[in-house]
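The sequence lines fix the lettering, A, B, ..., with proteins before strands; numbering per chain opens at 1.
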Amino acid sequence: MPELPEVETIRRQLDERITGRVIRRLRVFDPMTVSPDTPRRLARRVAGRRIERVSRRGKYLRLELDGGDTLAVHLRMTGQLHWSANGDGPPEPYRRARLELDDGSAVDMRDMRRFGRIWLVPAEHPDAAAYWDARTGVEPLGPGFTAARLGELLAGRRAPVKAALLDQRLVAGVGNIYADEALYQARIHPLRPAGDLGPDELRRLHRAVRDRLKAGIDSGGASIDRYRDAINARGSMQDLLAVHLHAGEPCPRCGTTIEKIRVAQRGTYVCPGCQPPPR
DNA sequence: ATTTTCCCCTGCCGGC
DNA sequence: TGCCGGCAGGGGAAAA
């Protein structure tokens, strides 16, 4: 569910509220949430540690603790983090874990489908930077993401350009919604082979990826289904989506009926008028 | 090496 | 009404 803009929204809210706090205890209600670690081992490791900052890499949230350990969180499809000042979040059937802090506040992790995970990246990990680099590529809103860099990442690839955008090891943080919207804005069909894009198309795609992700952050994320931010509020990016979830409706730019197709095993929305199909 | 398929899990929706 | 298949913002392992 949450893509880069949703995770960044949550990161900002948590960083503001829990940085400097000390973890009183970690309670795990669903062991699967911390597997393959055990609730007991993880809880013992983080208890009493101070949260130095809350950072993000792609769709990964990181609670950086004193001593160098990092408590990593990935929300996957239906995960949510909810902060409450007095620790009494609303009763939740899907609550999987809870972080209790020294000021009486708490962060609850909720997750209907149980794909979300919390795990520790230990300070003694041989190379913390390599750990994250193995999972996540360039940050699309960072200085390393340029049209030229995007071209290098896509060069020679025969997979559909949308599949490449969804590959977190190339560009980190783009998910199904923002891939559709960026490709539409760039007027590039999602089935085009990634390596076939020309210089102008790469420039348009680079600009569109950044533009749509920024719009997502400015909107507080897209609350299409279950997404809520860290204070249980909805975002408004769903109101700005041009094609995603709009199959059967006219394209806002050319009036052609928007189609739903399947690309990289994901539902994909495309305007066949604006985004000329390959071949 | 790259790309595709399957799987993890729960809930919902449409078709029969 | 009830059952069944398919699908849902994710990524990792295994297979091709």
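Nearest to the side-chain atoms of Arg262(A) among the listed nucleotides dG9(C), dG12(C), dA8(C) stands dA8(C).
Between the CZ atom of Arg135(A) and the C1' atom of dG10(C) there is a distance of 15 Å, given to the nearest Å. Look at CD1 on Ile261(A): it is 14 Å from P on dC7(C), rounded to the nearest Å. The nearest whole Å value for the distance from the CG atom in Leu241(A) to the C1' atom in dG9(C) is 11 Å. Here dG12(C) presents its P atom at 10 Å from NZ of Lys59(A), a figure rounded to the nearest Å. Counting to the nearest Å, the P atom of dA8(C) and the CG atom of Asp111(A) are 18 Å from each other. Met32(A) has its CE atom 20 Å from the P atom of dG10(C), to the nearest Å. For the pair Tyr60(A) OH and dG10(C) C1', the interatomic distance rounds to 9 Å; values are reported in whole Å. Look at CE on Met77(A): it is 5 Å from C1' on dA8(C), rounded to the nearest Å.
Hydrophobic clustering places Ile217(A) together with Val138(A) (ILVMFWY residues linked when any side-chain heavy atoms are closer than 4.5 Å, directly or through intermediates).
Ring stacking holds between Phe115(A) and dG10(C), with the centres under 5.5 Å apart and the planes within 30 degrees of each other.
Residue Tyr178(A) is out of contact with every strand shown, counting any heavy-atom pair closer than 4.0 Å. Backbone-only engagement by Gly267(A) is indicated by non-hydrogen atom pairs under 4.0 Å involving sugar-phosphate atoms exclusively. Within the nucleic acid shown, Gln168(A) comes within 4.0 Å of sugar-phosphate atoms alone, with no base atom in reach, counting heavy atoms only. Contacts of Arg117(A) with the nucleic acid, taken as non-hydrogen atoms under 4.0 Å apart, are absent.
Donor-acceptor pairing under 3.5 Å, judged by distance alone, is present between the side chain of Arg113(A) and the base of dA8(C).
The footprint of chain A on DNA chain B, defined by a heavy-atom cutoff below 4.0 Å, extends from dT2(B) to dG11(B).
Between Arg25(A) and Glu100(A), at least one side-chain nitrogen of the basic residue sits less than 4.0 Å from a carboxylate oxygen of the acidic one, meeting the salt-bridge criterion. For Arg56(A) and Glu3(A), the salt-bridge test fails: no basic side-chain N is under 4.0 Å from an acidic carboxylate O. In this structure, Asp196(A) pairs ionically with Arg158(A), as a charged nitrogen and a carboxylate oxygen lie closer than 4.0 Å. Here Asp66(A) pairs with Arg49(A) in a salt bridge; the nearest charged N to carboxylate O distance falls below 4.0 Å. Ion pairing between a basic and an acidic side chain is recognised when a charged N comes within 4.0 Å of a carboxylate O; Asp180(A) and Lys162(A) show such pairing.
One P atom belongs to dC9(B), the other to dA14(C), and the distance between them is 16 Å to the nearest Å. Nucleotides dC7(B) and dG5(C) place their P atoms 15 Å apart, quoted to the nearest Å. When the P atom is compared between dT5(B) and dC7(C), the two are found 14 Å apart, to the nearest whole Å. Distance noted for atom P between dC8(B) and dC3(C): 23 Å (whole Å). Taking atom P in both dT3(B) and dG9(C), the straight-line distance is 22 Å, to the nearest Å.
Distances shorter than 4.0 Å separate some side-chain N or O of His74(A) from OP1 or OP2 on dG11(C). For the OP1/OP2 pair of dA8(C) and a distance below 4.0 Å, the side-chain nitrogens and oxygens of Arg76(A) include no atom meeting the criterion.
Taking the ring centroids of Phe145(A) and His206(A), they lie under the 6.0 Å cut-off.
Base pairing annotation: dT1(C) forms no Watson-Crick or G-U wobble pair, as no partner gives both donor-acceptor distances under 3.5 Å. The partner of dT5(B), taking Watson-Crick or G-U wobble pairs whose two distances both stay under 3.5 Å, is dA13(C).
Here the closest heavy-atom approach between residue Gln185(A) and residue Asp211(A) is recorded as OE1-OD2, 3.1 Å.
No side-chain heavy atom of Val22(A) sits under 4.5 Å from any side-chain heavy atom of Asp103(A).
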